[in-house]
Amino acid sequence: MIFTVAIDGPAAAGKGTISRALAAEFGFAHLDTGLLYRAVGAKGGDPELAAQNLSPEDLARPDLRSLEAGQAASRVAVLPAVRAALTEFQRRFARRPGGAVLDGRDIGTVICPQAEVKLYVTASAEVRARRRWLEVGGDAAQVLAEVRERDDRDMTRAEAPLKPAPDALVLDTSTMTIEQAVTEAIRIVAARSASSTTA
Ligand code: DC
């Protein structure tokens, strides 16, 4: 069975938690595509070469979840050559047998426009910054400024900017608990998977 769930949206909207929960619920493989860009940014040197030569060790670095790694990822993610080097791996992952969930910024628009389910998970910048601040601590105003800076760069870049695919379902989690958001996402995928097996 080929079945792809594409989950896009800005930083700290809940994509990761929702994607992991969907993968566990339906037995699908999960790829956090942000990790690929984080690993390229953290590796340093020529970003194109880094993207072409990513190793499992690069993806296992313990510092990839930091705010700095997120900013570095967002900066290398504007480079077309970096995006091109990572495309094929993501496309193959998306169409692997047994089902896959990919979360990122351009999964429904560029990597897998044929995905069976496309979700655009979002929340206000203030809510997302607060969630991030609860995780990482530090100066709350600075965390909000970084969320806004990253949104701006990810949404306005020329190559594969962050935006909902025309046929994506938008899930705004601003006033939802993470449990409510997960329940809603499971309901959407279950409905789509039932209709695609009976179609
Ligand atoms: O999802 P994340 O916070 O780990 O992503 C880090 C950065 O990587 C994000 O700010 C933009 C970039 N990214 C991207 O351009 N395309 C993706 N599919 C995933 C991430």
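Counting from 1, the numbers follow the sequence of the chain as shown. Each ligand, and each atom within it, is numbered from 1 in the order the structure gives.
- Not one N or O of Asp32 is nearer than 3.5 Å to an N or O of ligand 1, by distance alone.
- If you check the side chains of Glu146 and Gln142, you find a donor sitting under 3.5 Å from an acceptor.
- Shortest contact from atom 16 (N) of ligand 1 to any protein heavy atom: Arg83 NH2, 3.0 Å.
- Among all non-hydrogen protein atoms, the one lying nearest atom 17 (C) of ligand 1 is Arg105 N, 3.4 Å.
- Nearest protein neighbour of atom 12 (C) of ligand 1, counting heavy atoms only, is Ala77 CB, 3.7 Å.
- When Asp106, Leu64, Leu67 are checked for heavy-atom proximity to atom 18 (N) of ligand 1, Asp106 turns out nearest.
- When hydrogens are left out, the protein atom nearest atom 19 (C) of ligand 1 is Thr33 OG1, 3.4 Å; that is the closest non-hydrogen contact.
- Under 3.5 Å, the side chains of Arg83 and Tyr37 contain a donor-acceptor pair of N or O atoms.
- The closest protein non-hydrogen atom to atom 8 (O) of ligand 1 is Tyr37 CB, 3.5 Å.
- A salt bridge is defined here as a Lys NZ or Arg NE, NH1 or NH2 lying under 4.0 Å from an Asp or Glu carboxylate O, and Asp151 with Arg128 meets this definition.
- Arg38 has no carboxylate O lying under 4.0 Å from a charged side-chain N of Asp58, or vice versa, which leaves the two without a salt bridge.
- Under the 4.0 angstrom criterion for non-hydrogen atoms, Arg153 is not in contact with ligand 1.
- Applying the 4.0 Å criterion to heavy atoms of Arg150 picks out, from ligand 1, the atoms 3 (O), 5 (O), 6 (C), 7 (C), 9 (C), 10 (O).
- Panel note: side chain Glu159, backbone Val78; no donor-acceptor pair is recorded below 3.5 Å.
- When non-hydrogen atoms are compared, ligand 1 lies under 4.0 Å from the side chain of Arg157 (C-beta onward) but not from its backbone.
- Counting only heavy atoms from C-beta outward, the side chains of Ile188 and Arg192 never approach each other to under 4.5 Å.
- With ligand atoms numbered from 1 in the order given, ligand 1 contributes 7 (C), 10 (O) to contacts under 4.0 Å with heavy atoms of Ser74.
- Those atoms of ligand 1 with a heavy atom of Ala73 less than 4.0 angstrom away are 6 (C), 7 (C), 8 (O).
- Between Asp103 and Arg20, none of the side-chain N atoms (NZ, or NE/NH1/NH2) sits under 4.0 Å from a carboxylate O, so this pair counts as no salt bridge.
- The nearest heavy-atom contact from the protein to atom 4 (O) of ligand 1 is Arg38 NE, 2.6 Å.
- When only modelled atom types and interatomic distance are considered, Asp154 and Ser74 share a side-chain donor-acceptor pair under 3.5 Å.
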Would you please test Val101 and Leu31 for side chain to side chain contact (heavy atoms under 4.5 Å, CB included) and show each step? CA-CA 6 Å; Val101 184; Leu31 179 64; over 6 Å; no

